[in-house]
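Reviewing the structure listed below.
In what follows, chains carry the letters A, B, and so on, assigned in the order in which the sequence lines appear, proteins first and then strands, with residues in each chain numbered from 1.
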2 protein chains.
Amino acid sequence: MTSAQQPVPARPTSRDVARAAGVSQATVSLVLGGKWPGRVSEVTAQRVREAAVELGYRPNLAARSLRLGRTRTALLVVPALTNEFFARVYAGAAALAAEHDFGVVLYPSPDGTGPARDPFASARAALDGVIASSMAADALDALHGADLPLVMLDSDPSGTGPAAHVNLDIADGMRQVTDHLLGLGHRRFLHLASAVDTWTFAVRAEALHDALGAAGDATVRTVRAPLDVGAGREAAEQALAVAGERPTAIVCDDDILAAGACKAARRLGLRVPDELSVTGFDDLALATALEPELTTVRLPAEQVGERGMEALLAVLDGRPAEQGGLPVELVVRGSTAPSPTARA
Amino acid sequence: MTSAQQPVPARPTSRDVARAAGVSQATVSLVLGGKWPGRVSEVTAQRVREAAVELGYRPNLAARSLRLGRTRTALLVVPALTNEFFARVYAGAAALAAEHDFGVVLYPSPDGTGPARDPFASARAALDGVIASSMAADALDALHGADLPLVMLDSDPSGTGPAAHVNLDIADGMRQVTDHLLGLGHRRFLHLASAVDTWTFAVRAEALHDALGAAGDATVRTVRAPLDVGAGREAAEQALAVAGERPTAIVCDDDILAAGACKAARRLGLRVPDELSVTGFDDLALATALEPELTTVRLPAEQVGERGMEALLAVLDGRPAEQGGLPVELVVRGSTAPSPTARA
DNA sequence: ACCTCGACGTTATACGTAACACTTCGGCAG
DNA sequence: CTGCCGAAGTGTTACGTATAACGTCGAGGT
């Protein structure tokens with residue numbers, strides 16, 4: 001069929017399709033674009049579509065982007081994909097994006113230790129919008145400066161700058177955890193908090209203190225650690241070794257820290273949950289890999305990604321973005337039990 | 001929000017920079033492109049650079065790609081980012097890519113349950129090459145059909161089609177594990193294998209059987225399970241409940257399965273490592289979150305990504321890709337101990 | 001005085017697409 | 001018959017960039 005003389009089978013263009021179908025390039029664009037329903041007769045359209053399939057035509061995205069000024073690509077800024085939570089957020093965002101012929105490209109956020117490269121230096125020109133997660137305030141400013149549509153995930157809704165927000169009801173999750181433990185008779189708490197300074201963790205601390213304050217007779221100590229098992233273990237171990245009344249429950253900002261707390265307990269000869277209750281946050285796969293399994297708060301990570309992408313698409317379409325918070329759910333497992341002091 | 005679009009300062013183009021600097025657009029391209037060192041006098045170049053900074057000029061990537069026919073973007077095909085190993089592969093690949101002004105876009109591989117969308121239907125036009133990991137054979141064919149430069153990670157090096165390979169010395173890792181356990185006196189083994197049918201797991205089984213065969217008096221049973229803790233636990237529990245001589249060591253294809261094996265042991269009242277040794281593979285964060293910590297094989301995941309990207313860049317430059325395998329390392333921790341039968 | 005040549009720029013062009021503006025043509029009301 | 005309309009296409013243009021091809025000008029060789 002092809003009378004092409006080129007030795008290498010060059011990628012066919014819309015003009016090649018036009019030639020094969022006996023129409024003009026404009027008509028090919030009209031047909032394959034899918035818009036302009038009535039502009040081309042069905043018989044012609046059919047011929048064009050067949051030619052396109054025949055030649056294996058794929059539109060050149062670069063040319064399309066250049067023409068339209070849009071790329072159908074969003075940037076997702078996350079701290080690290082090795083954190084399962086963010087990997088799931090990505091999965092959710094990418095899945096919804098794919099349904100709308102959108103792509104998602106990733107950039108690890110500058111969380112202090114991140115790469116110094118400006119994500120927009122190379123990417124900004126090719127982006128339609130940005131979805132950013134758990135940013136520190138300064139990094140956030142750089143995002144606003146890019147004057148691209150912006151959706152913030154799990155971030156301070158009162159933050160400056162025009163941005164849609166998709167938030168988890170973190171405070172409610174922490175409240176549920178606290179109520180659960182208070183109901184089990186616990187009164188002396190250790191809060192194993194993340195050393196990361198973002199809204200999502202600040203909210204945890206606030207909600208915990210609020211809920212404990214309401215209980216009246218509860219006390220809490222706070223120690224902070226980076227988000228990894230070893231650091232969590234060390235911090236918990238030191239805190240538990242302090243003289244005086246030992247806490248009966250450790251509330252962790254994260255399942256990873258909770259895993260550290262469990263290891264600390266075991267090293268000190270404390271049995272979980274009989275002598276020490278431990279709670280996590282996130283409900284990662286890790287939560288059910290441990291023994292005992294972690295009582296934790298399930299966060300709908302994929303949904304966060306989906307809703308984030310949804311919001312971005314809405315903004316790009318000029319529609320208002322849905323703003324509601326996503327519900328979270330306490331999952332009670334084996335790492336929490338009635339306080340030993342209450343039973344005594 | 002702002003609904004005004006036109007009065008907003010449009011992104012400056014190279015022509016705007018040219019006007020500001022009092023030169024032609026071509027000169028701007030010459031200066032900012034960085035190639036053609038001697039073509040423009042330093043004083044003019046300086047003026048251009050200043051104008052570019054002044055206006056906040058960013059080259060339009062779509063236009064550049066259209067002109068050059070290349071996108072400086074690679075596709076990384078991985079089964080799932082929620083698996084920490086692949087998240088780390090991505091991190092390695094993305095880091096090296098960034099150093100070369102390359103981007104990496106992800107696509108979850110069609111591993112049977114994956115999305116039905118053809119990654120190339122939307123992406124192929126905008127890609128310079130593909131790095132693919134742990135593919136099933138049929139999915140692999142689709143990749144070859146795309147006639148893009150292809151690098152395979154951790155895949156059968158004897159596979160068909162022209163592709164560079166970056167492989168881990170999986171067989172050596174499994175050999176080390178086996179020798180370690182044999183040295184501890186173990187003779188009855190259970191192989192908790194992945195249900196996924198890829199080269200990387202086939203090699204594990206082969207190496208395990210080879211090493212045990214060399215020992216002469218060792219026996220092994222194999223059970224397979226999907227790569228998640230629950231499935232691993234179930235499979236291990238069933239296998240351990242079988243009447244007859246119980247294995248004294250479980251060799252797992254993966255840390256995740258090993259976590260399942262540990263849970264199974266605990267459910268059956270078997271103490272790890274005293275009554276049952278368990279080994280993993282990958283050295284994920286999970287390995288040190290468990291108690292006892294897992295004896296496992298450390299895989300340089302980031303290096304796999306880096307070397308993969310390196311190989312792709314080499315191919316694109318017409319250089320030969322470095323082909324050597326990456327070494328792995330046995331990490332002995334608390335989940336393995338001398339066989340109880342040997343001590344008896 | 002003539003030619004050459006290198007240094008420094010500029011002009012022009014093509015990449016592949018989407019969509020605006022235009023043509024062509026048969027039908028149909030006035 | 002004229003004028004108008006809608007249907008079905010086509011011609012053309014612009015998006016922003018990189019680079020091939022083409023000036024221009026003064027220095028240096030012969």
Side-chain angles (χ1 to χ4, degrees), chain A residues 4 6 8 10-49 51-52 55-72 101 122 124-128, chain B residues 5-6 9-49 51-52 55-72 101 122 124-128:
Chain A
Q6 289 140 349
V8 181
R11 167 192 301 287
T13 74
S14 61
R15 213 177 314 268
D16 295 328
V17 176
R19 197 167 8 235
V23 297
S24 74
Q25 179 269 331
T27 304
V28 174
S29 190
L30 250 31
V31 172
L32 268 35
K35 316 164 184 183
W36 318 111
R39 288 302 308 276
V40 177
S41 72
E42 190 45 44
V43 50
T44 306
Q46 195 56 34
R47 214 168 60 237
V48 169
R49 278 189 282 264
L55 298 182
Y57 169 71
R58 302 271 174 231
N60 182 318
L61 265 47
R64 176 178 290 171
S65 296
L66 177 59
R67 177 67 233 255
L68 296 179
R70 280 167 292 118
T71 56
R72 303 194 78 74
D101 274 310
S122 61
R124 176 183 165 190
L127 298 175
D128 282 354
Chain B
Q5 292 282 350
Q6 287 298 359
R11 169 194 299 287
T13 73
S14 60
R15 215 176 311 269
D16 296 328
V17 176
R19 197 164 10 234
V23 298
S24 73
Q25 179 268 331
T27 304
V28 174
S29 190
L30 251 28
V31 171
L32 268 35
K35 316 163 184 180
W36 318 112
R39 288 302 309 277
V40 177
S41 71
E42 191 46 43
V43 50
T44 305
Q46 195 56 34
R47 214 167 60 235
V48 169
R49 277 189 283 263
L55 297 181
Y57 169 71
R58 301 272 173 230
N60 181 317
L61 265 49
R64 175 178 289 171
S65 295
L66 177 59
R67 175 69 230 254
L68 296 178
R70 282 167 291 119
T71 57
R72 302 193 78 74
D101 274 308
S122 61
R124 178 181 164 190
L127 297 175
D128 282 354

Could you state the CZ-P distance from A/R70 to D/dA14, rounded to the nearest angstrom?
20 Å

Within residues 18-27 of chain A or reaching into it, pairs that qualify as salt bridge (Lys or Arg N to Asp or Glu O under 4.0 Å) - sequence neighbours excluded:
A/D16-A/R19

Who passes side chain to side chain contact (heavy atoms under 4.5 Å, CB included) against A/R49, sequence neighbours left out?
A/V31, A/L32, A/E42, A/A45, A/Q46

Who pairs with A/S29 by side chain to side chain contact (heavy atoms under 4.5 Å, CB included), at least two apart in sequence or on another chain?
A/Q25

Could you list the residues that satisfy side chain to side chain donor-acceptor pair (under 3.5 Å) with A/S65, not counting sequence neighbours?
none

Can you give the donor-acceptor pairs under 3.5 Å from side chains of residues 34-41 of chain A to other protein atoms, not counting sequence neighbours?
| from | atom 1 | to | atom 2 | distance (Å) |
| --- | --- | --- | --- | --- |
| A/S41 | OG | A/T44 | N | 3.4 |
| A/S41 | OG | A/T44 | OG1 | 2.9 |

Output the rounded distance in Å from CH2 (A/W36) to P (D/dT10).
17 Å

Quickly work out the B/L61 CG to D/dC15 C1' distance and round it to whole Å.
15 Å

Measure all distances between protein nitrogen or oxygen atoms and nitrogen or oxygen atoms of nucleotides 8-15 of chain C, and list the pairs falling under 3.5 Å.
| from | atom 1 | to | atom 2 | distance (Å) |
| --- | --- | --- | --- | --- |
| C/dC8 | OP2 | B/G38 | O | 3.4 |
| C/dG9 | OP1 | B/S41 | OG | 3.2 |
| C/dG9 | OP1 | B/T44 | OG1 | 2.5 |
| C/dG9 | OP2 | B/S41 | N | 2.8 |
| C/dG9 | OP2 | B/S41 | OG | 3.2 |
| C/dG9 | OP2 | B/T44 | OG1 | 3.4 |
| C/dG9 | N7 | B/R39 | NH2 | 2.8 |
| C/dG9 | O6 | B/R39 | NH2 | 2.1 |
| C/dT10 | OP2 | B/S24 | N | 3.0 |
| C/dT10 | OP2 | B/S24 | OG | 2.9 |
| C/dT10 | OP2 | B/T27 | OG1 | 2.4 |

